[in-house]
Amino acid sequence: MEKKNSCCKVCVTGGAGYIGSWLVKKLLEKQYTVHATLKNLKDESKVGLLRSLPNANSTRLVLFEADIYNPDEFEKAIQGCEFVFHVATPMHHSVGSNKYKNVTEAAVASAKSIAKFCAKSGTVRRLIYTASVVAASPIKDCGSGFMDFMDETLWTPLNVSFPYCDLHKDYLQSKTLTEQEILSYGHQKIGGGLEVVSLACGLVGGRDTLLSFTPLTVAVLISQLTNNANFYKSLKYMEELLGKIPVIHLDDVCEAHIFCMENNQPMNGRFLCASSFVSTSEIATYYLQNYPQLRPKQEYLDGPKREIKWASTKLIDKGFVYKYDINMILDDSITCARRMGDI
Ligand SMILES: NC(=O)c1ccc[n+]([C@@H]2O[C@H](COP(=O)([O-])OP(=O)(O)OC[C@H]3O[C@@H](n4cnc5c(N)ncnc54)[C@H](OP(=O)(O)O)[C@@H]3O)[C@@H](O)[C@H]2O)c1
């Protein structure tokens, strides 16, 4: 694999979010010139967060305003870039929109436009989409149980019912249909030679963040320690959708994105991205054994113990190495929440 250290231009949509901002930080450290998009450039806190990064002068970090509900706004940010990371996702429907009736329509339309702008740019070689493992569930189509493996061949059946299924219905639909749409541009016929990679990431935890609060997914990972019922429901949702919970460290997520960019071999298609695949009861056991002073409740040990194999090796086969196992991810997530005053 050839390491790039030039000032090659790359675009990051959603550059001020949890994953996006850490990715921008790493790219700047690696001497890339970054075009980052934000939904609203008047949001001083988000602009300030990126501008305060080392190397973030106006030549190396160029900020663009682009709303997923107005897909054409992404074109300027993509122009002249060699690689595009599409990280932004609308979490809630913009009720004022008369163009799209829900987040899925908006997310799919913007993914389509972004892929088209990449293909017609004449400069973009590879588009890398931050997908989610929620789109790759081993749940059976009939809803009765799980297959005994999880890998890139699986697509979540969208009409299946399971415990907690109403919780993140819009997100599940939007991530699944957007990933399918964007991957279709990786075919020669539609994308005109554009390479498209989707990185379907597990639940992200870790110690560091540029945000001034505990990131949502870190709060979900430590919900058995904070006893936050809503965040714990989200953890159970993941377990009931996927059988067990794929987890990954923020640092590994960002390194995996950069790996997919810097990999000099042709790269197309879907890659699951998680270093661990664990049950809620395994997480509870770790907390009980290692953080007894935080008094995790015994009842969290009662979760299901399913035999489902993590059978995804595509990213590792390409040469990617995960640095963080589940214990390190949980330890670091606790450190993050402690720093924010949430534990
Ligand atoms: N965290 C995880 O565990 C996890 C796991 C798998 C996949 N992912 C994926 O990773 C990506 C980033 O997630 P995150 O955890 O970093 O969440 P996040 O902090 O909430 O980031 C979401 C990003 O999307 C942007 N966004 C939301 N609505 C938008 C709109 N209407 N127009 C333009 N941008 C909009 C936000 O931009 P502004 O900041 O400018 O508002 C923000 O940068 C998402 O695609 C998510 O599905 C996350």
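One-based numbering, in listed order, for ligands and for the atoms of each. Everything numeric in this text was worked out from a predicted model, so none of it was measured.
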Open item on the list: For S94, which part has a heavy atom under 4.0 Å from ligand 1: side chain, backbone, both, or neither?
Closed with: neither
Task: Nearest non-hydrogen protein atom, atom 19 (O) of ligand 1 - done: Y18 N, 2.8 Å
Task: Any A200 heavy atom less than 4.0 Å to ligand 1 - done: no
Task: ligand 1 atoms in contact with T217 (distance to a heavy atom under 4.0 Å) - done: 1 (N), 2 (C), 3 (O)
Task: Numbering as shown, the atoms of ligand 1 that approach M91 to under 4.0 Å (heavy-atom distance) - done: 17 (O), 20 (O)
Task: I68 N/O to ligand 1 N/O under 3.5 Å - done: yes
- [ ] Can you figure out which of H92, K46, E179, H257 has its heavy atom closest to atom 41 (O) of ligand 1?
- [x] K46
- [ ] Return yes or no for this condition: an N or O of A131 is under 3.5 Å from an N or O of ligand 1.
- [x] no
- [ ] Heavy atoms only: give me the nearest Y237-Y164 pair and the separation to one decimal.
- [x] CD1-O, 3.1 Å
Task: Part of T130 within contact of ligand 1 (heavy atoms, under 4.0 Å) - done: both
Open item on the list: Within ligand 1, which atoms have a heavy atom of L38 less than 4.0 Å away?
Closed with: 40 (O)
Open item on the list: Please state which option from A88, A66, A16, G202 has its nearest heavy atom closest to atom 35 (C) of ligand 1.
Closed with: A88
Open item on the list: Taking 4.0 angstrom as the limit and counting only heavy atoms of Y171, give me the atoms of ligand 1 inside it, by number and element.
Closed with: 7 (C), 8 (N), 46 (C), 47 (O)
